[in-house]
Amino acid sequence: MPYAFDALEPHLDARTMEIHHDKHHAAYVTNLNKAVADFPETGKLPVEELLKNLAAVPERIRTAVRNQGGGHYNHSLFWRTLTPNGGGEPKGALAGAIARRFGSFAAFKEALTKAATGQFGSGWAWLAVDGSKQLAIEPSANQDSPISHDKMPLLGIDVWEHAYYLKYQNRRPEYVAAFFNVINWDFVGNRFDQLAG
Ligand code: MN
C-alpha cells in the first residue's frame, strides 16, 4: 500500500483500510497460495495469466483461483487507484475518452455510481478497457474481474461490505460518493495510456 492506513481519512477510515489490507487482502493471498500448492506449474504463472484464462487452470482449483486469485489481483489494483490527494477529474487521453464514451465526466460518474450501488451483494463496479480499446462500465459479483472477460480493469469500486461497513454501515451510496474523493486519476490515466494508447 503506497500510503498510511489513515491517509484517506475522512473518506475511507483507517480501521477499515487496515483490516481490508492486512486481513482481507492477506487472506486472498494466503488462500491462493494454498490452492496452488499442489499445482506448481499453475503456481508459477502470474495471477493475471491465470485469471485471463481460467479454463486452463486445473478444474480442482479453478474456483479457488477465480475467487482468491481474483481477490488478490483486484485488491492489488485497488490500493494503487487511491491517493490522499485524489478526486476531481482525469486529465489527458482518459478525459477525452470518457467524454466521447459517456458524454461527460458527470454522466460517467453517474453510470459508475449506479453500477456500484446497484450491485446486489458483494462485488465490484469497474471502469475497464475492452478488446477494442473502448471504455466500458461493468459490475461484477464476488471477486470476478474484467480481466477474465477480455477486458482490462482501470478502476474498481469495491462494494463488499468489508470495504465500508465500519464507517458507513448500510449506507453504500455514501461510501461510493466518498470513494470519488480519493481516486488517483493520475494513476488511472497512466494505466489507460498504457492499455489503450
Ligand atoms: Mn475488498
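What you are looking at is a predicted structure, and each value in this text was computed from that prediction instead of being measured. In each ligand, atom 1 is the first atom listed, and ligand 1 is the first ligand listed.
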**Message:** Pairing donors with acceptors under 3.5 angstrom, does anything connect the side chains of D158 and H75?
**Reply:** yes
**Prompt:** Should the heavy atoms of other residues, nucleotides or ligands under 6.0 Å from CZ of R191 be counted, would the total exceed 12?
**Reply:** yes
**Request:** Could you tell me whether a side-chain N or O of R80 sits under 3.5 Å from a main-chain N or O of F187, the two making a donor and an acceptor?
**Result:** no
**Asked** How wide is the angle at the Mn ion (ligand 1) between NE2 in H162 and OD2 in D158, to the nearest 10°?
**Response** 120°
**Request:** Assess H24: does it contribute an N, O or S atom lying under 2.8 Å from the Mn ion (ligand 1)?
**Result:** no
**Request:** Could you tell me how the ring of F180 sits relative to the ring of F108: parallel (under 30°), tilted (30 to 60°) or perpendicular (over 60°)?
**Result:** perpendicular
**H75 near the Mn ion (ligand 1): N/O/S under 2.8 Å** = yes
